[in-house]
Number of protein chains: 2
Amino acid sequence: MPFVDNIGFLMSRASGQLVRATNAALGSEGLRVRQYSVLSVVCESGGSSQRELAAVLGLDPSQVVALVDDLDAAGLVERRPSPADRRTKVVVPTEAGIAAGERAAGRAAKALEETLAPLTDEERATLRTLLARVTFATR
Amino acid sequence: MPFVDNIGFLMSRASGQLVRATNAALGSEGLRVRQYSVLSVVCESGGSSQRELAAVLGLDPSQVVALVDDLDAAGLVERRPSPADRRTKVVVPTEAGIAAGERAAGRAAKALEETLAPLTDEERATLRTLLARVTFATR
DNA sequence: TATTGTTATACTCTATAACTATA
DNA sequence: TATAGTTATAGAGTATAACAATA
């Protein structure tokens, strides 16, 4: 089988396409996909420690620091001291962050839709399930 | 649906896993996955111009220069002048490159096999087909 | 002792622009 | 004027190690 049909090559390429399309779509919000992923989780949970963010997103804690710094500087999240543990900082979305997160989600969804245009809804569901099973071991 | 079930996030994460596993598997050959991809195509074709490599792999020509430089320095490929066009350099594998490419292919296949362990053969085929259709537009 | 967040560092990957030599 | 390869540069992503504060 030709190298370009290798599943690893295809996945890397499809992922790159999707990241590029999503970054382009999020540009108007001043976000990139990694910052957006942190904002999304924080909006969803209403507040997460950086350790939780690292675990959920599969990132190193030091990367989370930088991403939260970016979102903080943009006024989209705040670090609040945890009442239970003074080592922990709870990252919570600001009002602006919630609004930006919602707009960004719409734009990201559109970029995803366009990138996955060749697939039917059923095929997208299949793809999601297969990818989820591949990544499950590292979650 | 939770953000971590987003198909873009899952694809990015699965792709990252696969690249890491493959890089680890190729380390003993002194290769990384991008250099390996160039070597694979060159071994397959028996000789490709850098422009062809860029097109087939979806890379910028300047990236191909660097990757071919690496493979050249390792003695795995050679740049030969094209008889038809003096601007063009044909990248051909050396004997060592062919041998390294075969060993690397075996190791990369094993890393892929382990990363895709949760999927059946049929599911892997489905995944490949879906990814190929997503990437087709940019080929 | 272990954990949370942080800083520092280095390397890889990605993206662009500009240059040369040839066509 | 356009194309193949190259160089240069900057920014983004990834990977580790070490540290202070706190548990």
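Every chain is numbered from 1, with letters handed out A, B, ... down the list of sequences.
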Determine: side-chain N/O of [X] to OP1/OP2 of [N], distance under 4.0 Å, yes or no.
X: Arg79(A); N: dT6(C); answer: yes
X: Gln63(B); N: dA15(C); answer: no
X: Arg51(A); N: dT3(C); answer: no

Counting the atoms with a prime plus P, OP1 and OP2 as sugar-phosphate, which does Asp60(A) contact under 4.0 Å by heavy atoms, base, sugar-phosphate, or nothing?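 Base, at least one base heavy atom under 4.0 Å.
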
Considering every strand and a 4.0 Å limit on heavy-atom distances, what is the contact class for Ser49(B): base, sugar-phosphate, or nothing?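 Answer is sugar-phosphate: Ser49(B) comes under 4.0 Å of backbone atoms only.
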
Is a side-chain donor or acceptor of Ser37(B) paired with a backbone partner of Arg34(B) at a separation under 3.5 angstrom? yes

Short question: side chain of Glu29(A), backbone of Leu26(A) - any donor-acceptor pair under 3.5 Å? no

I'd like to know if [X] pairs up with [Y] as an ion pair, taking the criterion as any Lys NZ or Arg NE/NH1/NH2 lying under 4.0 Å from an Asp or Glu carboxylate oxygen.
X: Glu78(A); Y: Lys89(A); value: no
X: Glu113(A); Y: Arg124(A); value: yes
X: Asp69(A); Y: Arg79(A); value: yes

Of the nucleotides [options], which has the atom closest to the [X] side chain?
X: Arg32(A); options: dA23(D), dA12(D), dT22(C); answer: dA12(D)
X: Gln50(B); options: dT6(C), dG5(D), dA23(D); answer: dG5(D)
X: Pro61(B); options: dT6(D), dA12(D), dT6(C); answer: dT6(D)
X: Arg86(A); options: dG13(D), dT22(D), dT6(D); answer: dT22(D)
X: Val65(B); options: dC13(C), dT22(D), dT7(D); answer: dT7(D)
X: Ser62(A); options: dT16(C), dA17(D), dG5(D); answer: dA17(D)

Residue pair Asp85(B)/Leu59(B) against DNA chain C: nearer the 5' end by closest nucleotide is Leu59(B)

DNA chain D: Ser12(B) or Glu52(B), which has the more 5' nearest nucleotide? Glu52(B)

Length of the NZ-C1' vector between Lys89(B) and dT22(C), whole Å: 12 Å

Can you tell me the distance, in whole Å, between the CG atom of Asp69(A) and the C1' atom of dG5(C)?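 Going from CG in Asp69(A) over to C1' in dG5(C) covers 11 Å.
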
Using a distance-only criterion (donor-acceptor N/O pair, under 3.5 Å, no hydrogens), is the base of dT3(D) paired with the side chain of Arg87(B)? yes

Is a donor-acceptor pair below 3.5 Å formed from side chain Thr88(B) to base dT3(D), judging by atom type as modelled? no

